[in-house]
Amino acid sequence: MEEPQEIFSRSDGHVGDIVVEKFLVDSMKPAPHVQLACSGRSCAFPLDGNRLCIWDTKDPPQQLMILKGHRQPITAVTFGSRESPLLVCSASRDCVMMWGLDECRQEELQGRLPRGTVLGALLGRVLCLRLSPDDRVVAVCAGNRVLMLDLESRSTLAELDGHHGPVTAAEFCAQQTHILISASEDRSFKVWDHRVGSLIHSSSVLTASPLLSLLVDPRSQQLVAGCTDGQLWIFSLVEGHHYRCVTHVDLRKKRESFSTRRAESKPEGGQPPSTKAPETGEETEVALPVLSLAACDCGFLSETGSCLWIGSSAGLLIFNLASFELEGVLHYKDFWSLSIQVAGSCAVASRTGGREALCLLTSMFGNETALVEVDPAALLRSQQRPRRGPDLSVLPSSCVSPTSPLYLGLKEKRTKPATQKQVAARSVVKDHPLVFHNKIQSSGYTAAPCATMFSPKTNFKNDGKRASKCKNNYRRKEYPLESPPPSKLGKRLAVARDQAALLCIQCSGDGQRLACGLANHLSLVCNADLTGTPAVLSGHDGAVGSVCWSHDGRWVLSASQDGTLRVWSMRGPEPLLRLGKDMFPKPVQSAQFYYIDAFILSSSGPEVQLLKHHIDTSKDDLRRYRQKSWCTPVCRLLTADVVDITSLSAVNDFHSYLVLAAGRNRTLEIFDLNVGCSAAVITGAHSRPVYQICQNKGSSFATQQSQAYNLFATAATGDGIKLWDLRTLRCERRFEGHPNRGYPCGIAFSPCGRFVACGAEDRHAYVYETSSSTFSRRLAGHTSTVTAVAFSPAAAQAAVPTHVLVDDPLLACHHQNRCRGSERFRDTEYLALFILLSSCTSKRLSCALL
């Protein structure tokens, strides 16, 4: 066995380095476009063309092993899935060989030449090799076909022919070992059942550039495909999803946005000068072909999502499969200790038993091959934006501060102070005759004290049933937390005869009523089961863009584009409180009740206003046009850059100090009203301004974990939906499966916190699970853009007739109840309502039932 002439050890890095070059080999022939193999224990690559070099990352460099057997240059190398015995397969134009590393080392120690097993000969140029999870079958990508070779019989099990270009990558599904996915230069991928040799799925042409790499992530059940132009395509492998596309990512744009965010949040002092290459003043545009994809062990970064390594010619990228964002970027040219600045081939793997990753590189323009050790934790620490200020949480951790605007607002009197005329009138003693009535009720101070202060009623005869027939229709139960998402249409209701669009919708806290705002200046209130005639609330002179129920369900707050805000009661058509343009400098974008109805929170221009209100329902026939309710401002907060607020959100179901606001400059700002100032700012939250913020507020019928209330979602046209965590101020997941390119489509959390629903421009509503990036349900029934969605906060209503069906095509309700004559409603099938809202030409309100 011959040793390579030049092998250098570069393990001179110290603890804490981001990148350490461990070994460097100078070969006689270059290997720029060769499939390399790298595992947690070993790495394999071609040396001098037709020799296979094996590096054991734990042994000293002088114990390298070189395997001979090929006559032509080696074009592909891969390791087996099992650690013991560890197999390595190599391919060239003359043959495909299988090697057992343990046997080869034993033969080497005995002084004999290690020999491999020839599986196939003269198969052509092989671009990719892949062993099955059980190491019994190897997939050989030779030309336009994929050959399935059996290791025991050394025979061809199947020949998968269907691509129109050379096959560049192949991957087995870990959960279904009989499934093989192949990618080709024809810019498509195919799914095969290699046991029977049949084609299961064939994708369309994805991009203008050839596909180079594939990765199957078993944790998220997604397929990732990389192209030569730096594009990533992600598909769902969940059963029933039919390999639909989850998202498409441009790595160049992601790298630019990552560099922008890093420059904005770069700490003073920068990086240590010893690890960076000197600045030359000239930036060269380097392409980002996706040479390899590998799983990244970043449990310290994301506990719920998966990350992957992206190996490119310019560097290594850490990509988050949940948020579809870059977590870290490593450029080879930024580190002077690296011998290879532009890579021709790349293979990445996490080290066994450690968090470091091993990266095997070959030079694009030279003959060098290098093994690089990367510490992803150190890389992320050097590039992640620093946390400033205390940790944030929706749930308060302390009492209200005496200097807080909330404390000052609650200290004020609930009644309006008397005027000077009223005080003067009370001071005047009027001389009127004294009149004595015949019957004067005694005050009772001379009577004997009552012995019994309270006597409970114990003679119930209805066994807990309510006497009213109307109230008997509702029996509150806890919201089913493990219920599936909505799947079928239950009812429709036409709410507008003209061409007025429906803009917003919200359910009351008890889940029995709906409030919606229309573009024809009206607000409607109807039953949640879409029965009866909706109540019309008229008075605005502009489109009603925001409606909100009070916590107790007594009042409805509406905000219009005419610059006014009104509070309505369900007992009459007249508003109880009117706030005009004298209080708001600009039109009100968002308004809601806050702090369990103690305040009204509104946004007007760049201001967040906290208003103290008092609602007076008494009537005076002589002064019926005089408003008795009043509202006074408590505090006003400006955004950091004094930009207009596009959306506002806060929790009203329980006491919370935090208020979330979205600015027109694509920022998110969190205000702490216990302190009365801004607590955090997230810059570049979306590529476009956020049009809605939706918090996971839960409901009184469902119980969630306390930390789940820190989740909130934001939506922007053309940029999908992002799921954020207040504790980390990071985007934890992204949803992009619904079309939303030019019109705002509302979003909503389910009461259990497991689902996020949104509207779309394809006349459908989409339901996502918070644990998955692709949609679970696609609900049809509308004839135009679905602009707003809302979940019913209450549990299903069980005491309803069985199989009620209305013949009207606009109203169709299906209920199912298995009471079996029991008065306690045993074995009841609960139906959770999911409310959809459409706009434009479709003026229907729809319910989808579980």
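In what follows, residues are counted from 1 in the order of the sequence shown.
- Scanning for salt bridge (charged side-chain N to carboxylate O under 4.0 Å, His left out) contacts around Glu185 gives an empty result, with sequence neighbours left out.
- Although no hydrogens or angles enter the test, the distance criterion places no donor-acceptor pair under 3.5 Å between the side chain of Ser213 and the main chain of Leu293.
- Not a single donor-acceptor pair under 3.5 Å links the side chain of Arg187 to the backbone N or O of Leu206.
- Closest non-hydrogen pair, Pro133 versus Ala174, comes out as CG-CA, 4.5 Å.
- Here the CD1-OG1 distance, from Ile234 to Thr247, works out to 6.0 Å after rounding to the nearest 0.5 Å.
- The backbone N or O of Ser42 lies less than 3.5 Å from a partner atom in the side chain of Ser39, making a donor-acceptor pair.
- Residues meeting the side-chain contact (heavy atoms from CB on, under 4.5 Å) test with Ala44, sequence neighbours left out: Ala37, Leu52, Ile54, Val77, Phe79, Val88.
- Taking all atoms of both residues into account, the shortest heavy-atom contact from Ser776 to Glu769 is OG-CG, 3.2 Å.
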Is there a side-chain hydrogen bond (donor to acceptor under 3.5 Å, both in side chains) between Asn710 and Ser393 once you walk through the steps?
CA-CA 6 Å; Asn710 291 314; Ser393 177; 3.3 Å; yes
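- Contact check for Glu373 versus Asp375: no side-chain heavy atoms found under the 4.5 Å cut-off.
- Here the OG1 atom belonging to Thr774 is positioned 5.0 Å from the NE2 atom belonging to His241, to the nearest 0.5 angstrom.
- Residues forming a ring-ring contact (aromatic ring centres under 6.0 Å, His included) with His201 (at least two apart in sequence, or on another chain): Phe189, Tyr243.
- Proximity of Leu779 to Val767: side-chain heavy atoms (C-beta onward) are separated by under 4.5 Å at one or more points.
- For the pair Thr168 (side chain) and Leu211 (backbone), a donor-acceptor distance under 3.5 Å is present.
- Panel note: side chain Arg688, backbone Ala716; no donor-acceptor pair is recorded below 3.5 Å.
- The minimum heavy-atom distance linking Val249 with Lys254 is given by the pair CG1-CG, 3.6 Å.
- Taking CG of Leu723 as the reference point, atom CZ of Arg734 lies at 12.5 Å (rounded to 0.5 Å).
- Contact annotation: the side chain of Ile181 never approaches that of Phe235 to less than 4.5 Å [non-hydrogen atoms, C-beta and beyond].
- The shortest distance between side-chain heavy atoms of Leu317 and Phe258 does not fall below 4.5 Å.
- Applying the salt bridge (charged side-chain N to carboxylate O under 4.0 Å, His left out) rule to Lys190 yields no partners; only residues at least two apart in sequence or on another chain are considered.
- Tested against Leu668, the residues Val681, Ile693, Thr683 include a single side chain to side chain contact (heavy atoms under 4.5 Å, CB included) partner, Ile693.
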Please lay out, stage by stage, how Ile179 and Leu237 fare under the test side-chain contact (heavy atoms from CB on, under 4.5 Å).
CA-CA 11 Å; Ile179 299 297; Leu237 299 180; over 6 Å; no
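- Listed for the Asp217 side chain is no donor-acceptor partner under 3.5 Å among the backbone atoms of Ser306.
- In this structure, the side chain of Ser209 does not engage the main chain of Thr228 through any donor-acceptor pair within 3.5 Å.
- Rounded to the nearest 0.5 Å, atoms CD1 (Ile340) and OG (Ser313) are 12.0 Å apart.
- Side chain of Asn696 to backbone of Leu711: no donor-acceptor contact under 3.5 angstrom is found.
- At least one donor-acceptor pair under 3.5 Å links the side chain of Glu761 to the backbone N or O of Arg741.
- Under the 4.5 Å side-chain criterion, counting only non-hydrogen atoms from C-beta, Val372 is not in contact with Leu316.
- Here the side chains of Ile310 and Leu232 are in contact, with some heavy-atom distance below 4.5 Å.
- Trp309 CH2 to Cys307 SG: the interatomic distance, rounded to the nearest 0.5 Å, is 10.0 Å.
- Paired with Thr75 under the rule side chain to side chain contact (heavy atoms under 4.5 Å, CB included), one option of Val126, Leu129, Leu127 passes, and it is Val126.
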Any chance you could lay out the side-chain contact (heavy atoms from CB on, under 4.5 Å) test for Cys359 and Leu361, step after step, and finish with the verdict?
CA-CA 6 Å; Cys359 179; Leu361 302 174; 3.4 Å; yes
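- Between Tyr691 and Cys745 there is a side-chain heavy-atom pair separated by less than 4.5 Å.
- Taking all atoms of both residues into account, the shortest heavy-atom contact from Ala760 to His738 is CB-CB, 4.1 Å.
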Take Phe324 and Ser773 through the test side-chain contact (heavy atoms from CB on, under 4.5 Å) and record every step on the way to the result.
CA-CA 9 Å; Phe324 307 139; Ser773 298; 3.6 Å; yes
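- Looking only at distances, a side-chain donor or acceptor of Arg733 sits under 3.5 Å from a matching main-chain atom of Thr770.
- Here the closest non-hydrogen pair linking Ser772 and Phe735 is O-CE2, 3.0 Å.
- In this structure Asp725 satisfies the side chain to side chain donor-acceptor pair (under 3.5 Å) test together with Arg727, sequence neighbours excluded.
- A search for salt bridge (charged side-chain N to carboxylate O under 4.0 Å, His left out) contacts involving Arg244 returns nothing, not counting sequence neighbours.
- No hydrogens or angles considered: nothing links the side chains of Tyr766 and Asn740 as a donor-acceptor pair under 3.5 Å.
- Arg82 contributes atom CZ, which lies 8.5 Å from atom CG of Leu87 (distance to the nearest 0.5 angstrom).
- Shown are Lys722, Arg255, Arg730; of these, the salt bridge (Lys or Arg N to Asp or Glu O under 4.0 Å) with Glu325 is made only by Lys722.
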One pair to check against side-chain contact (heavy atoms from CB on, under 4.5 Å): Val34 and Thr362. What are the steps and the verdict?
CA-CA 9 Å; Val34 175; Thr362 61; over 6 Å; no
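- Put simply, the side chain of Cys346 reaches to within 4.5 Å of the side chain of Val348, judged on heavy atoms.
- Of all the heavy atoms in Pro289 and Ser312, the pair that sits closest is O-OG, 3.0 Å.
- Gln231 and Thr207 share no donor-acceptor pair across their side chains, judged by distance under 3.5 Å alone.
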